[in-house]
Number of protein chains: 2
Amino acid sequence: MPRAGLDRAAVVAAGAALADEVGSTGLTMGGLAERLGVRSPSLYKHVASQDDLTRGIAALALAEAAAAVGTATQGRAGRDALAAAAHAFRDFVLTHPGRYAATIGVEPAGPNDPIAVAGLGLLDSFTAVLRSYAVEPAEVDHALRALRSFLHGFATLQSANAFQWSADVDESFEWLIALLDRGLRSTSSTQ
Amino acid sequence: MPRAGLDRAAVVAAGAALADEVGSTGLTMGGLAERLGVRSPSLYKHVASQDDLTRGIAALALAEAAAAVGTATQGRAGRDALAAAAHAFRDFVLTHPGRYAATIGVEPAGPNDPIAVAGLGLLDSFTAVLRSYAVEPAEVDHALRALRSFLHGFATLQSANAFQWSADVDESFEWLIALLDRGLRSTSSTQ
DNA sequence: ACGGTTGGCTAATGGCGTTAGGTTAGAGCT
DNA sequence: AGCTCTAACCTAACGCCATTAGCCAACCGT
């Protein structure tokens, strides 16, 4: 009988793909094993536990999101960069909902945890967007959190079908980007 | 042997309280039964399934959030109302994380589903905030979604400890409110 | 007092994550 | 080519969880 020849990266990648299909809560060790042509206990040679698998998926998703946002904003500045980043992030969440869902609720175990470094990478991608706005250094952290909250909130809610009412969702997203752009352009103007 | 004397409301309320303690994913029928001094199969006399329990918790949480936001904004207008609503919402999510987590991922089964009506109630509370801003009627839906995205995103991320870096989180929240206030005050000013 | 409803129970099923322990494929060396 | 040893895979089994079936006792109205 030939071997499947798996390693941790392959298992995590397949888990991420499966999570995107069946949802992060629907991801099961048995289902993933079947998908890989293997019995579920075999997965434990590559992954310590289901939680460990989820952490791997989360790190992968954060790195992918950071890359998507990073490349989307290259060569752009100001509102262009903001819009590109916002769209890249939302598209990533909508096309990879299971992956992204794995990132919420995981806590990095330390500064060297792949989750922590991938998270910082995503942060860097957003920081690059802010660089072309004249945000006070003392306010960069606040702006970063605002940006992250906006995008995370919108993408998550849309992905969960929480916007079921009349208006066009894409239009709302553009409106939200305009709101952010206005707000970032005039920081520290209100007490 | 005396009876526990439960009903659906008591089970749902206890489930919400337990979810706040152990997290929405840590909520188990066995754990809830033990908490109520009952065996797990007994819960099925009051609740159809764990999913049904979660839906009940979600409806409760949405109604409570709507009430919290609604009462916080009474007698206030403009930025005062916005800040009060934002704080009330975030406080609710932070003090009742399990409850609130139950609301994401549930889809109302129809227009009469308690989840749907509670969701509309929360929406109404936010709409009241917007009333004191001069938002174009055509843009109210967009503003509503932006507000909801902001608050959901920030509260969820803070609740998940996603803001671990230096700056003070409360300060960031104030900054975010200021950003929203500015943005809402000057709608349709940018193309 | 009594009869039905209703809320609790025990027992059992099936699916899940996970562990223990055995077996063999296949890489690497001689 | 043959030998060896690592590690990738397996089966068997445990415990936890949600859920169902079916029984019994407590309360409510008459």
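Residue numbers begin at 1 in each chain, while the letters A, B, ... track the order of the sequences. Computed over heavy atoms, backbone and side chain alike; hydrogens, waters and symmetry mates excluded.
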Where at least one partner belongs to residues 63-91 of chain B, residue pairs that pass ring pair (Phe, Tyr, Trp, His ring centres under 6.0 Å), sequence neighbours excluded: B:His87-B:Phe173, B:Phe89-B:Tyr100, B:Phe89-B:Phe126
Within residues 125-135 of chain B or reaching into it, pairs that qualify as salt bridge (Lys or Arg N to Asp or Glu O under 4.0 Å) - sequence neighbours excluded: none
For B:Arg90, side chain to side chain donor-acceptor pair (under 3.5 Å) partners two or more places apart: B:Gln158, B:Asp170
Would you tabulate the nitrogen or oxygen pairs shorter than 3.5 Å linking the protein to nucleotides 4-6 of chain C?
unit_1	atom_1	unit_2	atom_2	d
C:dT6	O2	B:Arg3	NH2	3.1

Side chain to side chain contact (heavy atoms under 4.5 Å, CB included) involving B:Ala116 - partner list, sequence neighbours excluded: B:Pro108, B:Asp113
Contact under 4.0 Å: B:His46 side-chain N or O vs C:dG8 OP1/OP2: yes
Where protein sits on nucleotides 10-19 of chain C, one letter per nucleotide: B base, S sugar-phosphate only, - none, heavy atoms under 4.0 Å: BB----SSBB
Nearest-angstrom distance from the residue atom CD of B:Glu34 to P of D:dC16: 12 Å
Interatomic distance, A:Leu43 CG vs D:dA8 C1' [rounded to whole Å]: 11 Å
Length of the line joining A:Leu32:CG and D:dC9:C1', which is rounded to integer Å: 15 Å
Rounded interatomic separation in angstrom, taking CG from B:Leu36 and P from C:dC9: 11 Å
Side chain to side chain donor-acceptor pair (under 3.5 Å) partners of B:Asp52, counting only residues at least two apart: B:Arg8
Please set out all donor-acceptor pairs under 3.5 angstrom arising from side-chain atoms of residues 10-23 of chain B, sequence neighbours excluded.
unit_1	atom_1	unit_2	atom_2	d
B:Asp20	OD1	B:Gly98	N	3.0
B:Asp20	OD1	B:Arg99	N	2.8
B:Asp20	OD2	B:His96	ND1	3.1
B:Asp20	OD2	B:Arg99	NH1	2.4
B:Glu21	OE1	B:Arg35	NH2	2.8
B:Glu21	OE2	B:Arg35	NH1	3.2

Between D:dC23 (P) and B:Lys45 (NZ): distance, integer Å: 12 Å
Pairing residues for A:Tyr44 by the side chain to side chain donor-acceptor pair (under 3.5 Å) criterion, not counting sequence neighbours: none
Presence of salt bridge, A:Asp141 and A:Arg145, under 4.0 angstrom: no
Whole angstrom value for the distance that separates P of D:dA26 from CG of B:Leu6: 16 Å
